[in-house]
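Each remark here refers to the structure printed beneath this line.
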Amino acid sequence: MSGQGHTEPSPEGDLQTLVRSCLAGDQPAMLALVERFRGQVFGLCYRMLGQRQDAEDAAQETFVRVLKNLHRWDPERAFEPWLFAIAGNRCRTALAARKRRPVPEAAVEHLPDTSPDARPAEHLAEEVHLALAGLRDDYRQAFVLFHEHEMSYAEIGASMEIPIGTVKTWVHRARRELIDKLRQRGAIPDQATVQNVLPKDL
Amino acid sequence: MNCREFADRLNELLDERRNPRADRALAAHAADCQPCDELLAGHELVLATIAHLPVVPASSGFARRVVARAVPEFRPVQKLPASRAWLALSTLLAAAAAMLLAVSLVWYARQGEPVAADPNEIDRDHGSAIAGQGSPRRPVVQGGTRGGSLALGQSNWIVNVPRLPSELRRNYRGTLDNLATSLPQTVQRLDEVERYAPGIKPLRVSFRVLMEALWRAMPGGEDGPATKSRTTRWGLEPHALA
C-alpha cells in the first residue's frame, strides 16, 4: 500500500481518455484502442464467419467504422455493446454476400491442429466449432456473445437491437441445437437427443 | 419436477451462469431421469468446450492496417475553446435581445398611441372624449384650444387600431430593417457556433418562426413579401435552417 491515497484509474476512465485522444486525431491512441479490442472483435468475427481471412476483413472494417464514427458513441453507455453491434453488422453483411456468391466455398476452416495426436477434447473443440458454424446466424451471434464474450442479455439486446426476451430465446435454441448436432455427429455420447427429452411443442 | 420443468430450470441456471449441478432439485431429477441427466451432461460438456476453444489471433500488423485505412477519412473533433464558448454565449444573448426588442415593438404598436383628435370632433363627442365611453375605437387627446389637457381614457388602452398611422408604421419597418441588416453578421457567427454546438440550431429555427410571426403581426404584414423572400430578407437562408 502506497499510503499516499493513489487510486488506480478505472478501466472505463482509461477508455474515455483513450477515446478523447482518438477524437483529437492521436494515432497512437487509435492503435491502442484497436489493440485493446482486437481479440474480442476478431474472435466474434471468426466464430460468425468461420474463415480467418473473412474474419480479418470484417474485423478491419469494424474498426475503421468505429474510428470514423467514434464521435457518435455516447460515453454514458458501455463501449462493448456499441462495438459489437458494428462487428455483428459487418459479419451479417459478409454472410449475406457469401450466400449470394454462385460458387460454393468451403464454409468453415478447421481449427489449427495443436498436436499430431489429437486428443478427444481437441476433437470435441473442432466439432463444437463446426456445429457453431451450422447454427442460424442470429442464434450463433447471440450464443457467442453470451457464452464466449460473457455479455449480459441486456448488452446483447442493445448490441443486436432486439428485445431481451428474443436474445434469451435465441441463446436457448442455440444451446439445444448445438447439443443435437453434436450428438448426431457422435461427438458427445447420447442415448437420447434433446428432441426425445423435451415435448414437441418446445 | 418433470422433464419440461427440468429443461426450463436448466436454462435459467445457465442464463445466470450458475453451476446447474449445484441445484438440488435439478440434480435430484437428473439422478432419476436418464435423458435429462444426459441433457445436463451435454450442456456442461459443450459449455466447457466453448470456454476453452483455441483463440485464433489476427495477423500481425492488424492495428496498423486499420489505422492506415481510417486516418485519411478521419476528421478530428475539436473541443470548443473557452473563448469560443463565450463568443457563442454572447451571440445568443444578442440574438435573444434582438428578439425581445422586436416583440416589444409589436406589442407597443398594438397598444396604439393616443391620436390627436380633431377639435371639432372632440366638441361633437365631448361626452365621449374619454375612451371607452362611447368612442368606438380611439382614445383622444384634446387639442390646444381646450386647455391642452389630455382627456385620456380611464378604460383600458388596448384599443383595436385598424391601421397604424403611417408615421408609426414607417418607424416600425425602419427598426425591423435595421434588425435585418445586422442579422447576417449574427447569422454568420451562429453558423460557426453551430458547427461546435449543433444543439443550438433549434433556437435559430424558433427565432425564424418568431420573426415571421412578427412580420405578419405588423398591420399590413399579411400582404407582405412571400415567406421565402422574407426569410432571405432576414438573412436566414432556408438551407441554413434545415
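If you measure heavy-atom distances from A:Phe42 to chain B, the contacts under 4.5 Å come from the side chain alone. Looking at B:Ala58, both its backbone and its side chain come within 4.5 Å of chain A, counting heavy atoms on both sides. Proximity to chain B (any heavy atom under 4.5 Å) is restricted, for A:Leu178, to the side chain, taken from C-beta onward. Residue A:Thr62 does not touch chain B at all, counting heavy-atom pairs closer than 4.5 Å.
Checked by atom type and distance alone, the side chain of A:Gln27 never pairs as donor or acceptor with a backbone atom of B:Val71 at under 3.5 Å. Side chain of B:Arg17 to backbone of A:His147: no donor-acceptor contact under 3.5 angstrom is found.
For the pair B:Asp15 and A:His172, the minimum side-chain heavy-atom distance is below 4.5 Å. Counting only heavy atoms from C-beta outward, the side chains of B:Leu53 and A:Arg47 approach each other to under 4.5 Å.
Within 6.0 Å of CD on A:Glu161 lie no more than 12 heavy atoms contributed by other residues, nucleotides or ligands.
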Does the side chain to side chain contact (heavy atoms under 4.5 Å, CB included) test come out yes or no for B:Asn11 and A:Arg175, once each step is laid out? CA-CA 9 Å; B:Asn11 270 325; A:Arg175 287 179 196 145; 2.7 Å; yes
Stepwise side chain to side chain contact (heavy atoms under 4.5 Å, CB included) test for B:Ile50 and A:Leu132: CA-CA 10 Å; B:Ile50 291 282; A:Leu132 265 176; 3.8 Å; yes
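Among all heavy-atom pairs drawn from B:Val66 and A:Val64, the shortest one is O-CG2, 3.9 Å. Of all the heavy atoms in A:Arg52 and B:Ser59, the pair that sits closest is NH2-N, 3.7 Å.
To the nearest 0.5 angstrom, A:Glu148 atom CD is 11.5 Å from B:Leu47 atom CG.
Residues of residues 137-145 of chain A that come closer than 4.5 Å to chain B, counting heavy atoms only, are A:Phe143, ordered by residue number.
Under the rule for a side-chain hydrogen bond (donor to acceptor under 3.5 Å, both in side chains), the partners of B:Glu12 that lie at least two apart in sequence or sit in another chain are B:Arg9.
With chain A as partner, the option from B:Gly42, B:Ala51, B:Pro57 having the largest number of non-hydrogen pairs under 4.5 angstrom is B:Pro57.
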